[in-house]
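The figures here come from the full heavy-atom set of this structure, side chains too, leaving out hydrogens, waters and symmetry mates. Just so it is clear: chains get the letters A, B, ... in the order the sequence lines come, proteins before strands, and each one is counted from 1.
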Amino acid sequence: MNQNFLPKPLTRKFFQQPTLIMAKSLLGCLLIKETEEGTTSGFIVETEAYIGPEDRAAHSFGNRRTKRTEVMFGEAGYAYTYTMHTHCLLNVVSGELDKPEAILIRAVEPYSGIDLMFERRKIDKLKNLTSGPGKLTKAMGICMEDYGHPLFKQPLYIAEGYEPETISEGKRIGIHNTGEAKEYPWRFWVTGNQFVSK
DNA sequence: CGAAAGATTATCT
DNA sequence: GATAATCTTTCGC
């Protein structure tokens, strides 16, 4: 619980990087969520980029602007939460204003508040705690209420973490019937990390 | 207002 | 691999 590590929230400047560069820069950063029950945090170890107009797999494909994708057209650095079946997913909006780009946080490595995460997930294996986009949001208490929240301010924010030694890249997961979009190598993860989903 | 689809997860074959 | 669970958004009538 009481780490000596003082998280330094990322600055707006960090979010001004091109989407694909930022997807890699986010690896190793610390994602923090503060709630009444306690604070949970984890290092981001897996991300996926979704670049609107040219990406058939993105909700914003063809510049489709709806109530749901609205935040993606806004300024970078905001949270785009989205309900999928029985789960919630967390994205970081990237790209310039009016460019519907975002980065999906697919997995994190638990850092603090691990007891609370176990309580929420009701499982007993550390490895399954946050090794997936829907798992980590449940473990950290992230939901639709966080839609549009700036990720450089409490209670939900991203801070500087560590520098990953090696980064791998490959095809995205969980999308199909989207033509060649599923072939784009826009998934990035920390090489060898056991919390990366598969 | 009703229906269908979806960037997932857990479980069974 | 295939499928059910189950919620919000979006689109059609």
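Between A:F43 and A:Y111, the distance from one ring center to the other falls under 6.0 angstrom.
When each of C:dT10, B:dG6, B:dT9 is scored by its nearest atom to the side-chain atoms of A:M84, the top-ranked nucleotide is B:dG6. Among the nucleotides C:dT10, B:dA10, B:dA7, the one closest to any side-chain atom of A:H59 is B:dA7. Taking the side chain of A:K67 as heavy atoms from C-beta on, and the options B:dT8, C:dT10, C:dC7, the nearest nucleotide is C:dT10.
Atom CG in A:L90 sits roughly 12 Å away from atom C1' in B:dA7 (whole-Å rounding).
Ring geometry for A:H59 versus A:Y82: interplanar angle of 30 to 60°, hence tilted.
The side chain of A:R187 places no N or O atom within less than 4.0 Å of a non-bridging phosphate oxygen (OP1 or OP2) of B:dA7. Taking 4.0 angstrom as the limit, A:R65 places none of its side-chain polar atoms (N or O) nearer than this to OP1 or OP2 of C:dT10. Side-chain nitrogen and oxygen atoms of A:K135 include at least one within less than 4.0 Å of the OP1 or OP2 phosphate oxygen of B:dA10. Between A:R64 and C:dC11 there is a side-chain N or O to OP1 or OP2 distance below 4.0 Å.
With its ring centre under 5.5 Å from that of the base six-membered ring and a plane angle below 30°, A:H85 counts as stacked on B:dT8.
The cationic atom of A:R106 (NZ for Lys, CZ for Arg) does not lie both less than 6.0 Å from the six-membered ring centre of A:F195 and within 45° of the ring axis.
A donor-acceptor contact under 3.5 angstrom links the side chains of A:T191 and A:S168, judged on distance only.
By the side-chain hydrogen bond (donor to acceptor under 3.5 Å, both in side chains) test, A:S94 pairs with A:T19, sequence neighbours left out.
Around CD of A:E70, the count of heavy atoms belonging to other residues, nucleotides or ligands within 6.0 Å exceeds 12.
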Task: For DNA chain C, the dot-bracket pattern of Watson-Crick and G-U pairs whose distances stay under 3.5 Å, | for other-strand partners - done: |||||.||||||.
